[in-house]
Engineer: 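Below you'll find the structure I mean.
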Amino acid sequence: MTTRTESPARPLALITGVGRTVGIGAGLALQLASSGWDIAFTYWNPYDARMTWGAEPGATAKIEGLLTERGAATAAIEADLAEPDTPARVFDAVERRLGPVTALVMSHCESVDSGLFDTTVESFDRHFAVNTRATWLLIREFGRRFTAPPGTGRIISLTSDHTVGNLPYGASKGAMDRITLAAAHELAHLGVTANAVNPGPVDTGWMSEEDRAHCLAATPLGRLGTPRDTAHLVDFLCSPEGQWVNGQLLNSNGGFA
């Protein structure tokens with residue numbers, strides 16, 4: 001962790017789901033740090049450890065080092081967002097270490113491939129706890145604590161339209177969209193914007209060769225998305241120039257269909 005000065009000139013972004021250096025979350029954090037933001041981020045190694053790509057040893061320290069190189073004060077917080085009291089505890093820790101949050105960027109997820117017939121109740125409930133309930137609680141906590149000048153606050157969630165063979169993930173992300181878009185209106189008195197971004201297929205280690213071939217064939221630009229592609233849009237939305245984009249579900253996916 002690196003600390004802020006007594007009179008920080010940089011606003012603070014809280015980014016969830018920054019577990020691996022190759023992930024979208026890390027790409028978002030590095031881009032925002034380069035644009036002048038201090039960065040608090042959450043990670044949950046047990047999730048990566050049970051996925052096919054596995055946990056990345058030393059990732060948290062490496063990401064913090066890269067953020068520090070970009071001038072950012074940092075705070076890394078291990079957080080199981082399946083627990084309902086975690087969002088409040090995360091905000092408590094961030095405020096204690098770095099101060100109040102100006103932008104909330106949510107790239108955390110639970111994502112286990114399964115469909116109508118092979119999804120378990122436990123898995124379904126965990127997807128909604130992490131992807132949907134945690135998003136609601138994080139947004140609510142952000143709104144309760146927001147103190148920055150009107151017009152500066154930002155909420156961004158990363159979503160997906162994938163449902164076939166990925167039912168609980170897609171369904172819980174769809175519900176997450178509704179919560180995010182509601183925030184654009186319910187937090188209007190704070191001057192906070194809220195948008196959901198669908199980055200399309202970004203290969204961060206989860207794609208099989210079959211997945212890769214399918215996504216390439218379905219993308220007019222003939223390549224896969226990268227974390228930097230998503231980060232550039234999020235960076236714009238968090239900037240003063242991005243304030244007029246509000247209450248939107250934005251597809252930034254290279255035309256994937």
Engineer: If every non-hydrogen atom of A82 is compared with every non-hydrogen atom of A129, which pair is closest and at what distance?
Structural biologist: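 Shortest heavy-atom separation between A82 and A129 comes out as O-CB, 4.1 Å.
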Engineer: Is the CZ atom of R145 crowded by more than 12 outside heavy atoms at less than 6.0 Å?
Structural biologist: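 Buried by this count: over 12 neighbours within 6.0 Å.
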Engineer: Same hydrophobic cluster for L158 and V22, using side-chain heavy-atom links shorter than 4.5 Å among ILVMFWY?
Structural biologist: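 As far as the 4.5 Å side-chain criterion goes, V22 and L158 are not connected within one cluster.
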Engineer: Hey, quick one: are I156 and L30 part of the same hydrophobic cluster, counting side-chain heavy atoms closer than 4.5 Å, chains of contacts allowed?
Structural biologist: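 As far as the 4.5 Å side-chain criterion goes, L30 and I156 are connected within one cluster.
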Engineer: What are the two closest heavy atoms between I15 and G25, and how far apart are they?
Structural biologist: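 Minimum heavy-atom contact is CG2-O, 4.1 Å.
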Engineer: Rounded to the nearest 0.5 Å, what's the gap from CG on D203 to OG1 on T226? Could you check?
Structural biologist: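 D203 CG to T226 OG1: 11.0 Å, rounded to 0.5 Å.
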Engineer: Is there a side-chain contact between W136 and P84 (heavy atoms, below 4.5 Å)?
Structural biologist: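 Side-chain contact under 4.5 Å: no.
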Engineer: If only atom types and distance count, is the side chain of D48 paired as donor or acceptor with the main-chain N or O of N45 below 3.5 Å?
Structural biologist: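 No, because the side chain of D48 does not come within donor-acceptor range (under 3.5 Å) of the backbone of N45.
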Engineer: Decide side-chain contact (heavy atoms from CB on, under 4.5 Å) for W44 and L81; before the verdict, give the C-alpha distance in whole Å, the side-chain angles of both, and the deciding distance to 0.1 Å.
Structural biologist: CA-CA 8 Å; W44 183 239; L81 289 170; over 6 Å; no
Engineer: Grouping I, L, V, M, F, W and Y whenever their side-chain heavy atoms are under 4.5 Å apart, do M176 and F124 come out in a common cluster?
Structural biologist: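 No; F124 is not reachable from M176 via cluster members.
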Engineer: Is there a donor-acceptor pair under 3.5 Å between the side chain of R154 and the backbone N or O of G151?
Structural biologist: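 Yes.
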Engineer: Donor-acceptor check, side chain of Q248 to backbone of N246, threshold 3.5 angstrom: yes or no?
Structural biologist: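 Checking the backbone N and O of N246 against the side chain of Q248, a donor-acceptor pair under 3.5 Å is found.
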Engineer: Between T86 and D80 (side chain of the first, backbone of the second, donor and acceptor by atom type, cut-off under 3.5 Å), is there such a pair?
Structural biologist: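 Yes, the answer is positive, given that a donor and an acceptor are paired below the 3.5 Å cut-off.
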Engineer: Under a 3.5 Å distance rule, please check whether D38 uses its side chain to pair with a backbone N or O of P11 as donor and acceptor.
Structural biologist: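 Not a single qualifying donor-acceptor pair exists.
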Engineer: If I compare all heavy atoms of A59 with all of R20, which pair ends up nearest, and what's the gap?
Structural biologist: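 Heavy atoms only, the tightest pair is CB-CA, 4.2 Å.
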Engineer: Residues in salt bridge (Lys or Arg N to Asp or Glu O under 4.0 Å) with E210, at least two apart?
Structural biologist: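 Not a single residue meets the salt bridge (Lys or Arg N to Asp or Glu O under 4.0 Å) criterion with E210.
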Engineer: Which atom pair, heavy atoms only, marks the closest approach of P199 to T230?
Structural biologist: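 Taking P199 first and T230 second, the nearest heavy atoms are CB-OG1, 3.2 Å.
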Engineer: Could you give the distance from CG (L32) to CD1 (I39), rounded to the nearest 0.5 Å?
Structural biologist: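 Between L32 CG and I39 CD1, I get 5.0 Å after rounding to 0.5 Å.
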Engineer: SG of C109 to CD1 of I24: how many Å apart, nearest 0.5 Å?
Structural biologist: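 Spacing of SG (C109) from CD1 (I24) equals 8.5 Å.
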Engineer: List the steps, then state whether side-chain contact (heavy atoms from CB on, under 4.5 Å) holds for S111 with N166.
Structural biologist: CA-CA 8 Å; S111 179; N166 208 359; 4.1 Å; yes
Engineer: Is any side-chain heavy atom of V245 closer than 4.5 Å to a side-chain heavy atom of T193?
Structural biologist: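 They are not in contact (no side-chain heavy atoms under 4.5 Å apart), so the answer is no.
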Engineer: CD of E95: more than 12 outside heavy atoms within 6.0 angstrom?
Structural biologist: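 Check passes, neighbour count above 12.
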Engineer: Minimum heavy-atom separation for L98 and A73, please, with both atom names.
Structural biologist: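 Smallest interatomic distance, heavy atoms only, reads CD2-CB, 3.9 Å.
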Engineer: Does a side-chain heavy-atom distance below 4.5 Å link W37 with Q31?
Structural biologist: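 In short, these two side chains do not touch, never coming nearer than 4.5 Å.
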Engineer: Check this for me: does any side-chain nitrogen of one of D92 and R96 sit under 4.0 Å from a carboxylate oxygen of the other?
Structural biologist: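 Salt bridge: no.
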Engineer: Scan side-chain atoms only and decide if R126 and S123 contain a donor-acceptor pair under the 3.5 Å cut-off.
Structural biologist: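 Side-chain D/A pair, R126 to S123: absent.
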Engineer: How is the hydrophobic cluster of L249 composed, in terms of its other members, when Ile, Leu, Val, Met, Phe, Trp and Tyr link through side-chain heavy atoms under 4.5 Å apart, directly or indirectly?
Structural biologist: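 Members other than L249 - counting any ILVMFWY side chain reachable under 4.5 Å - there are none.
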Engineer: With a 4.5 Å limit on heavy-atom distance, are the side chains of N251 and F256 in contact?
Structural biologist: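 No, their side chains stay 4.5 Å or more apart.
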Engineer: Rounded to the nearest 0.5 Å, how far does CG of D125 lie from CZ of R133?
Structural biologist: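 Atom-to-atom, R133:CZ and D125:CG are 9.0 Å apart.
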Engineer: Would you say S239's side chain and F236's backbone share a donor-acceptor pair under 3.5 angstrom?
Structural biologist: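 Yes.
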Engineer: Between the main-chain N or O of T16 and the side-chain N or O of S107, is there a donor-acceptor pair closer than 3.5 Å?
Structural biologist: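 Judged by distance alone, yes, a pair lies under 3.5 Å.
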Engineer: Let me check something: do V192 and M106 share a hydrophobic cluster, defined by ILVMFWY side-chain heavy atoms less than 4.5 Å apart, either directly or through other members?
Structural biologist: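 They do share one cluster, since a chain of ILVMFWY contacts under 4.5 Å joins V192 to M106.
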Engineer: Given side chains that start at C-beta, do those of L28 and F41 come closer than 4.5 Å, heavy atoms only?
Structural biologist: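 No, their side chains stay 4.5 Å or more apart.
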Engineer: Supply the atom-to-atom distance Y169 OH to T159 OG1, rounded to the nearest 0.5 angstrom.
Structural biologist: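 If I round to the nearest 0.5 Å, the distance is 7.0 Å.
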Engineer: Would you call H108 and T135 a side-chain contact if the rule is heavy atoms closer than 4.5 Å?
Structural biologist: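 When only atoms from C-beta onward are counted, T135 and H108 do touch, with a gap below 4.5 Å.
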Engineer: Any side-chain heavy atom of P168 within less than 4.5 Å of one from V112?
Structural biologist: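 When only atoms from C-beta onward are counted, V112 and P168 do not touch, as no gap falls below 4.5 Å.
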Engineer: What distance separates I77 CD1 from T60 OG1, expressed to the nearest 0.5 Å?
Structural biologist: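 It is 11.5 Å, given to the nearest 0.5 Å.
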Engineer: Out of curiosity, does V105 fall in the hydrophobic cluster containing L138 (side-chain heavy atoms, cut-off under 4.5 Å, transitive links)?
Structural biologist: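 Result: no, two separate clusters.
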Engineer: Could you tell me which non-hydrogen atom of A75 sits nearest to which non-hydrogen atom of R97, and how far apart they are?
Structural biologist: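 For A75 and R97, the tightest heavy-atom pair comes out as CB-CD, 3.8 Å.
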Engineer: May I have the step-by-step check of side-chain contact (heavy atoms from CB on, under 4.5 Å) for L167 and F117, ending in yes or no?
Structural biologist: CA-CA 10 Å; L167 173 71; F117 295 104; over 6 Å; no
Engineer: Using modelled atom types and a 3.5 Å cut-off, is there a donor and acceptor pairing between side-chain atoms of H232 and backbone atoms of V234?
Structural biologist: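 No.
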Engineer: Determine, stepwise, if the pair L224 / T219 fulfils side-chain contact (heavy atoms from CB on, under 4.5 Å).
Structural biologist: CA-CA 8 Å; L224 299 173; T219 305; 5.6 Å; no
Engineer: With a 4.5 Å cut-off on side-chain heavy atoms, are V202 and D229 touching?
Structural biologist: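 Side-chain contact under 4.5 Å: no.
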Engineer: Please determine whether a side-chain nitrogen of the Lys or Arg among E110 and R50 lies less than 4.0 Å from a carboxylate oxygen of the Asp or Glu.
Structural biologist: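 Result for this pair is yes, salt bridge flagged.
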